[in-house]
Amino acid sequence: MADDLSAVARFLYEAGTLKHTRRTGWWMAGIGNPESVAEHSWRTSLIASIIAKLEGADPARAAFLAVWHDTQETRTGDVNYLGKKYATSADPVAVTADQTAGMPELLASAIQDLVAEYEAKDSPEAVCARDADKLECMLQGIEYKAQGYESAQRWIDNSRARLTTETGRRLADELLGQGPLDWLRSALGEQA
């Protein structure tokens with residue numbers, strides 16, 4: 001390959017910072033060591049593939065969109081819902097253009113197109129990925145609440161209310177009807 005991959009290598013190091021970037025909204029709920037953006041993005045991608053498959057969209061594309069949905073936070077940090085009320089200038093599409101500068105054009109344009117599609121919600125896969133983002137937040141809230149953080153209920157309720165797909169809403173109802181360790185009880189053959 002003749003293309004210079006130095007910008008890609010730099011981006012891979014940059015992306016690694018998301019493993020240490022905490023999701024700031026959870027601090028408002030009193031969680032001292034909340035999940036990282038990378039942890040959130042991984043489960044969001046998994047959920048996006050599930051929602052997309054059940055909605056008749058392309059699960060691989062939805063997961064691909066979800067994997068890239070918060071990569072701009074290497075430069076902006078995780079700006080929570082309240083923070084976005086005040087910090088409105090960090091356009092994810094513009095940040096992504098800066099992040100991909102110097103990358104091979106084929107790759108840079110693909111990444112820029114993914115982020116633009118996600119932000120515009122202009123495909124079934126983008127809608128599924130965005131629902132996955134909300135559903136993952138709700139799921140994390142359920143887990144935090146089970147750990148004793150009662151204030152996580154606000155995030156559970158707000159995330160549930162913002163779901164738009166039928167599958168996302170149905171899955172949310174299932175999650176709300178179960179506990180975080182019900183999967184383990186089931187796997188061990190115990191009664192829930």
Side-chain angles (χ1 to χ4, degrees), residues 5-48 51 61-123 125-141 143-144 149 151-152 154-156 158-159 161-164 168:
L5 296 181
S6 60
V8 176
R10 285 191 300 275
F11 176 77
L12 293 176
Y13 280 116
E14 180 179 338
T17 66
L18 294 177
K19 295 194 294 184
H20 311 288
T21 304
R22 298 291 159 201
R23 302 250 302 151
T24 61
W26 293 120
W27 285 325
M28 292 178 202
I31 290 118
N33 187 26
E35 67 174 336
S36 71
V37 172
E39 290 166 323
H40 163 72
S41 293
W42 174 78
R43 189 157 62 175
T44 298
S45 298
L46 187 65
I47 294 168
I51 292 173
R61 178 98 181 148
F64 197 28
L65 288 160
V67 125
W68 289 91
H69 87 282
D70 279 341
T71 55
Q72 308 78 27
E73 293 181 8
T74 61
R75 306 251 173 129
T76 65
D78 177 56
V79 181
N80 60 58
Y81 191 73
L82 177 61
K84 288 179 181 177
K85 178 179 175 182
Y86 304 99
T88 58
S89 64
D91 173 34
V93 174
V95 174
T96 301
D98 284 346
Q99 287 177 310
T100 58
M103 289 185 183
E105 181 54 33
L106 177 69
L107 179 60
S109 64
I111 294 168
Q112 291 169 20
D113 290 349
L114 277 171
V115 172
E117 179 181 341
Y118 178 85
E119 293 299 323
K121 302 176 259 195
D122 65 358
S123 70
E125 291 78 13
V127 171
C128 291
R130 291 182 78 85
D131 254 23
D133 182 37
K134 305 305 179 257
L135 193 59
E136 200 288 324
C137 185
M138 189 195 92
L139 180 54
Q140 187 64 61
E143 291 168 341
Y144 285 144
Y149 297 102
S151 58
R154 178 182 182 86
W155 280 259
I156 296 167
N158 288 340
S159 297
R162 292 172 27 207
L163 295 169
T164 62

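Under the 3.5 Å distance criterion, the side-chain polar atoms of Thr21 are left unmatched by any main-chain donor or acceptor of Val37. Distance alone, capped at 3.5 Å, places no donor-acceptor pair between the Thr100 side chain and the Met103 backbone. Side-chain atoms of Arg23 do not come within 3.5 Å of backbone N or O of Glu35 as any donor-acceptor pair.
Residues Leu135 and Gly168 approach most closely at CD1-O, 4.0 Å, considering heavy atoms. Nearest heavy-atom pair, Ala129 versus Ala62, reported as atom, atom and distance to 0.1 Å: CB-O, 3.7 Å. Residues Leu65 and Ser123 share a closest heavy-atom pair of CD1-OG, 4.4 Å. Closest heavy-atom contact between Pro92 and Val115: O-CG1, 3.9 Å. Of all non-hydrogen atoms in Tyr149 and Gly32, the two that sit nearest each other are OH-N, 4.4 Å. Closest approach of Trp155 to Ala29, counting heavy atoms only: CZ3-CB, 3.6 Å.
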Evaluate the criterion side chain to side chain contact (heavy atoms under 4.5 Å, CB included) for residue pair Asp70 and Leu18; output intermediate values, then yes/no. CA-CA 9 Å; Asp70 279 341; Leu18 294 177; 5.6 Å; no
Would Gln99 and Gln112 count as a side chain to side chain contact (heavy atoms under 4.5 Å, CB included) here? Give the steps. CA-CA 9 Å; Gln99 287 177 310; Gln112 291 169 20; over 6 Å; no
Under the side chain to side chain contact (heavy atoms under 4.5 Å, CB included) criterion, do Met28 and Arg154 qualify, and how do the steps go? CA-CA 11 Å; Met28 292 178 202; Arg154 178 182 182 86; over 6 Å; no
Give the intermediate values and the outcome of side chain to side chain contact (heavy atoms under 4.5 Å, CB included) for residues Ser36 and Trp42. CA-CA 10 Å; Ser36 71; Trp42 174 78; over 6 Å; no
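The neighbour count for Arg75 CZ, taken as heavy atoms of other residues, nucleotides or ligands under 6.0 Å away, is above 12. For Leu106, the CG atom counts as loosely surrounded, since its 6.0 Å shell holds 12 or fewer non-hydrogen atoms of other residues, nucleotides or ligands.
Between the CD atom in Glu117 and the CH2 atom in Trp68 there is a gap of 14.0 Å [rounded to 0.5 Å]. Expressed to the nearest 0.5 Å, how far CZ of Arg130 lies from CG of Leu163 amounts to 12.5 Å. Interatomic distance, OG of Ser151 versus CD1 of Ile31, reported as 6.0 Å (0.5 Å rounding). Atom-to-atom distance recorded for Lys19:NZ and Ser41:OG is 13.0 Å, nearest 0.5 angstrom. Distance check, rounded to the nearest 0.5 Å: CZ of Phe11 to OG1 of Thr74 gives 6.0 Å. Of the inter-residue distances, the one linking Glu119 atom CD with Asp91 atom CG reads 7.0 Å to the nearest 0.5 angstrom.
Residues Pro104 and Leu5 form a side-chain contact, since some pair of their non-hydrogen atoms from C-beta on lies under 4.5 Å apart. A 4.5 Å side-chain heavy-atom check between Lys134 and Asn158 finds every atom pair outside the cut-off.
In terms of the ring-ring contact (aromatic ring centres under 6.0 Å, His included) criterion, residue partners of His69 (sequence neighbours excluded) are, by chain and number, His40, Tyr118.
Glu39 and Arg22 are joined by a salt bridge, as a carboxylate oxygen and a charged side-chain nitrogen come within less than 4.0 angstrom of each other.
Donor-acceptor pairing under 3.5 Å is recorded for the side chains of Thr24 and Asn80.
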